[in-house]
Structures are given as C-alpha cells and as structure tokens.
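Note that the structure is predicted; figures quoted are calculated from it, not measured. We use all heavy atoms of the structure for the numbers below, so side chains are in, but hydrogens, waters and symmetry mates are not. If you read the sequence from its start, that first residue is 1, and numbering goes on from there.
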Amino acid sequence: MTTSTTGTDTLTRDALAVLQPGFAGTTAPDWVRRRLSEGLASVALFGRNVATAEQVTALTAQLRAERDDLLVAIDEESGDVTRLEVRTGSSFPGNHALGAVDDTALTRGVARELGRRLAECGVNFNWAPSADVNANPDNPVIGVRSFGRDTGLVARHTAAYVEGLQSTGVAACTKHFPGHGDTSVDSHHAVPHIDLDATTLNERELQPFRAAIAAGTRAVMSAHIRVPVLDPDRPATLSRRILTGLLRGELGYQGLIVTDGMEMRAISGTYGLEHGVVLAIAAGADAICVGGGLCDEDTVQGLTDALVAAVRSGELPEERLADAAARVRALADWTAGMRRSPALEGDREPEIGLTAARRAVTVTRTGPAAPVTGPVYVATFHPAANIAVGDETPWGVGAELERLLPGTTTGSFTGPDAGARALGAAAGRRVVAVVRDEHRHPWMRTALDTLLAAGPDTVVVEMGVPQSAPRGVLHVATHGAARVCGTAAAEAVVAG
C-alpha cells in the first residue's frame with residue numbers, strides 16, 4: 001500500500017525538518033542558508049565550526065537571519081568533550097568530576113553557567129548530559145563522561161544538570177538511551193551488545209533517564225547499542241520497541257528523541273546511512289544527528305530524498321514523519337520563547353568551573369616525599385583518543401606546571417617503550433607522570449612501573465577514571481582531563 005502525500009513541498013519540508021546536519025567552515029555556507037528557507041529547522045556545530053565565542057555568535061546570527069526559530073545544536077558536554085573550547089580545553093570539568101564532588105547545587109550551577117555561555121553564542125540545543133551509569137570499567141567511550149558508577153548519584157546529577165542548563169533557555173539532550181555504560185565496545189566503530197537482565201536494566205540503566213524526564217529534559221538521545229532483553233534484533237536507535245514502546249510508552253516521555261551520530265559505524269556500517277535514517281524515524285526518533293563526519297549538501301539531499309521515497313513507497317508512514325517534524329518545531333518554539341530568559345541576566349559565576357575542578361581533586365600520599373618546589377619533567381602518557389573526545393583538544397598539567405615552576409619541561413609518550421623513553425628524556429630530573437585511564441592500558445601501567453622503579457619520588461597525576469590503586473609518593477586524581485582539571489592538578493602537585 002502506498003501512503004498518500006499532502007504534496008511534495010510539505011513532505012520535503014518535513015524531511016528537512018528532522019535533519020540536524022553539520023557543515024564545514026566558520027561562516028554559514030550558501031547551501032545551508034538555502035536549505036533553511038526550504039524547511040531545514042536545525043543545524044549542528046562541531047569543533048571545525050568554532051574559532052572564538054565572538055565568531056560563533058556571528059555565525060549563529062548569520063544563520064538566524066534566514067530562520068529566526070532555528071535550533072542550533074552542539075555536543076558540549078564540557079570536560080573531555082568540548083566544542084566551544086576545542087583548541088584550548090574546557091573551562092568546566094566533566095561529569096565524572098562533578099560526580100566525585102557529589103554536590104547537586106554545584107552541578108546545577110556549572111550547567112547553568114555553561115548554558116549562559118552557549119545562549120550568548122546563539123546555541124540553544126546541547127547534546128548533553130550523559131546519563132550513562134559507568135558500570136563497566138573497561139568502557140572505551142563513556143568513562144569520565146559519566147557522573148559515576150552509582151545509579152542514585154548519576155540520577156540526581158543528571159536531573160540537576162538538566163535543570164541548570166534549561167534554566168538558561170538551552171534545551172538539554174539526555175543521552176545515551178537506554179544506557180551506554182555497561183559496554184566495552186565503542187559504537188563509533190561497531191554495535192555494542194549489552195546483555196543485561198530486565199531487572200538490572202530497570203534498576204540501574206533506566207533510573208537516570210527517569211530522573212531526567214521528571215526534571216523536564218527537552219530531548220533524549222538514543223544509543224547505537226543492542227540490548228537483547230529489549231530487542232534482540234535492532235540497536236536502540238532503530239528499535240520501535242525501545243524508542244516507542246519503552247521510552248514513549250512505559251516511561252511516558254513526550255519530548256524530542258534524537259539519534260546519536262548516524263555516520264557511526266554501528267549504524268552506517270551495518271544498515272547504511274540512508275536506510276538507517278528511515279529506520280530510525282520509523283522506530284520513533286524525531287531528529288537525525290548527522291554531520292560529525294559527513295558535512296556536505298549532498299548528504300542532506302540524499303537523506304531528504306530517502307525519507308521522501310520511504311513515505312511514497314509506504315515504508316515510512318507519512319504521519320510518523322509529520323509527527324517527528326512537529327516535535328522538532330515544538331522544541332524550536334520553546335527555545336525561541338526562552339531566548340530572553342531572566343537567567344541570562346542573573347549573577348554570573350565565571351570561576352565556577354575551576355572551583356568545581358579544585359573540589360574534584362583527590363590527593364593520596366603513599367609515603368613521605370619532598371615537596372615539589374623546583375622544575376620537574378612532566379611525562380604525559382597519551383592514549384589514543386576516542387572519536388567523541390577527539391584529538392584536537394590539549395590536556396595534561398604540563399603548561400600549568402611550566403607556569404608555576406619555571407624551568408619545567410614536558411614530553412608526550414605512548415607505546416610499549418614509553419616508560420624508558422620518558423626516563424631518558426627526564427635525564428635525572430624529578431618526574432611528574434600524567435596518565436589517563438591507566439587501568440585500561442597495560443603499556444601505560446608498564447611505563448609507570450619503569451618510572452617508579454627508577455624514581456620513587458615520582459608524582460602521578462591520573463586524569464581519567466581513577467580505577468587503578470594510587471601509586472607514586474603523591475597521587476593526584478582529577479576525574480577528568482578538562483583544562484581546569486589540569487590547573488587544579490598542577491596546584492595540588494605544587495601544594496604537595
């Protein structure tokens with residue numbers, strides 16, 4: 001049976017409305033401006049679109065000259081995943097640091113200050129926070145993006161973050177439904193399987209999403225994960241059982257459902273990009289995140305054509321596409337109405353990010369040690385960055401220690417001989433070893449073994465999830481690698 005359409009123009013506008021595409025450059029391309037006039041209702045900004053806050057403000061103003069109620073989305077989790085400060089590191093710690101402090105008022109305040117900065121730049125939709133419970137210590141993609149491994153803690157901080165962000169008129173997008181924490185596979189590369197029983201899923205993974213819904217989250221992002229207890233055949237993003245049955249039906253969620261990036265191999269490598277997009281909308285998704293990799297007009301045209309063709313063939317009900325487009329426009333209406341929120345004019349807390357990072361630092365002394373008062377050698381052990389974090393953003397404590405301890409020098413190392421090379425570069429100087437998720441990288445553990453055997457006074461700074469036992473005469477855990485976490489760590493090293 002072929003679904004009747006109400007006209008090509010309306011159908012095409014609805015197809016464009018559900019897309020949240022990216023684009024290249026720091027100014028608005030002509031093709032994006034043209035598509036806005038044709039029905040495109042959202043765009044997404046990535047690190048490649050950001051030079052300065054002033055430039056982003058000019059860019060969003062340029063886009064809104066074409067469509068005043070435009071949704072401008074960004075993946076600004078802060079902490080390790082930052083787009084606004086992609087070249088300098090974030091002014092705010094990430095979720096794991098906030099969870100370590102466990103002060104919901106602080107989390108709410110950090111999210112509010114972040115929201116103010118986004119709103120001032122013209123960004124009104126943030127793909128954050130991550131509500132994943134960090135149940136698997138070997139998780140290669142969540143880690144410090146999670147508030148922690150305790151369900152109750154994750155739930156209360158997710159709610160606080162949503163409340164703080166949305167008080168500024170920036171819509172929150174709680175992710176990655178139904179929970180990406182208990183996997184050892186990165187969905188950027190393959191489809192993770194989460195083999196949980198229904199009770200564990202309900203009592204652990206779903207609780208933070210219930211808290212976010214109760215807090216009024218305006219959007220929820222689906223995960224490209226297969227959860228056999230919910231749907232043995234399709235990943236959550238493409239599962240009607242999960243998006244419509246569970247999220248809409250059982251949890252009663254009525255806001256926008258957004259997909260995770262559709263270019264990720266979990267979808268594009270298995271179902272194909274265009275077919276995957278059709279399946280996602282049919283399953284109950286309302287908006288398609290695309291553009292982290294593919295950021296050209298041909299991609300937008302291809303996806304628009306695929307959606308229109310699916311309606312015409314009867315594969316995708318026209319009313320489902322129309323409902324999805326209506327939900328996108330409803331969120332745009334909400335953000336437009338919130339644009340002059342009083343929260344933007346209230347008391348600012350410009351230092352709240354550094355304050356939070358300082359509070360998140362945990363210092364462990366394993367034995368007597370001389371204070372760090374003179375130049376040191378900073379050896380940073382650099383794991384491969386996952387795609388969500390990217391490799392553009394600097395991290396570590398070297399720059400700040402160079403400022404605090406003039407004469408300090410730094411080096412970056414990776415691989416099986418990293419420890420020996422770092423020891424040679426240190427040339428007898430006292431070492432500050434900087435690691436990130438030591439527990440996930442055997443080569444990193446070996447490198448630390450080498451340094452500690454040669455220099456028992458070595459200081460260790462852990463900027464990932466502090467899963468390994470503290471070692472080094474002074475062990476500083478930051479619970480994240482944001483720029484402010486590096487500042488706080490350097491201060492702790494010098495303070496001893």
Side-chain angles (χ1 to χ4, degrees), residues 79 88-93 96-97 100-101 144 351-383 393-414 418-438 444-466 468-496:
T88 61
S90 180
S91 301
F92 303 95
H96 206 60
V101 178
V144 294
E351 295 299 314
I352 193 171
L354 181 56
T355 298
R358 287 168 172 159
R359 290 181 62 185
V361 167
T362 302
V363 176
T364 304
R365 296 171 179 81
T366 63
V372 179
T373 57
V376 294
Y377 185 78
V378 180
T380 301
F381 296 108
H382 207 305
T393 306
W395 66 281
V397 301
E400 189 65 13
L401 281 177
E402 287 177 6
R403 185 184 70 81
L404 295 174
L405 302 171
T408 290
T409 54
T410 65
S412 181
F413 306 90
T414 190
R421 288 187 291 114
L423 193 62
R429 288 170 289 178
R430 190 173 186 181
V431 175
V432 173
V434 184
V435 296
R436 194 168 177 174
D437 290 344
E438 180 204 346
M444 197 180 291
R445 190 176 308 119
T446 300
L448 271 189
D449 290 341
T450 299
L451 291 182
L452 290 168
D457 62 348
T458 295
V459 174
V460 178
V461 178
E462 168 62 87
M463 303 195 78
V465 178
S468 296
R471 51 194 186 134
V473 290
L474 182 70
H475 184 277
V476 178
T478 62
H479 303 89
R483 174 170 51 83
V484 287
C485 294
T487 299
E491 292 171 349
V493 169
V494 173

Does any non-hydrogen side-chain atom of [Y] lie less than 4.5 Å from one of [X]?
X	Y	result
R436	V144	no
T380	T410	no
H96	P466	yes

Can you see which heavy atom on [X] is nearest to which on [Y], and at what distance?
X	Y	answer
P93	A357	CG-N, 3.9 Å
T458	L451	OG1-O, 3.6 Å
T408	E402	O-CG, 3.4 Å
P406	P375	O-CG, 3.2 Å
D457	V473	O-CG2, 3.5 Å
F381	A447	CE2-CB, 3.7 Å

When you measure from the side chain of [X] to the backbone N and O of [Y], does any donor-acceptor pair fall under 3.5 Å?
X	Y	answer
E462	E438	yes
T409	Y377	no
R429	A425	yes

Distance from [X] atom [atom1] to [Y] atom [atom2], nearest 0.5 Å?
X	Y	atom1	atom2	answer
L405	T373	CG	OG1	8.0 Å
T362	H475	OG1	NE2	9.5 Å
R471	L448	CZ	CG	4.5 Å

Please tabulate, for the side chains in residues 483-496, all donor-acceptor contacts under 3.5 angstrom to protein atoms that are two or more places apart in sequence or on a different chain.
unit_1, atom_1, unit_2, atom_2, d
R483, NE, G89, O, 3.2
R483, NH2, E85, OE2, 3.1
R483, NH2, S91, OG, 2.7
T487, OG1, R483, O, 3.3
E491, OE1, R358, NE, 2.9
E491, OE2, R358, NH2, 2.8

Quiz item: Given T450 and R421, is the side chain to side chain contact (heavy atoms under 4.5 Å, CB included) satisfied, shown in steps?
Solution: CA-CA 10 Å; T450 299; R421 288 187 291 114; over 6 Å; no

Exercise. Could you tell me how the ring of H382 sits relative to the ring of W395: parallel (under 30°), tilted (30 to 60°) or perpendicular (over 60°)?
Key: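 The arrangement is perpendicular - the two ring planes meet at more than 60°.
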
Self-check item: Verdict with supporting geometry, M463 and V397, side chain to side chain contact (heavy atoms under 4.5 Å, CB included)
Solution: CA-CA 9 Å; M463 303 195 78; V397 301; 4.2 Å; yes

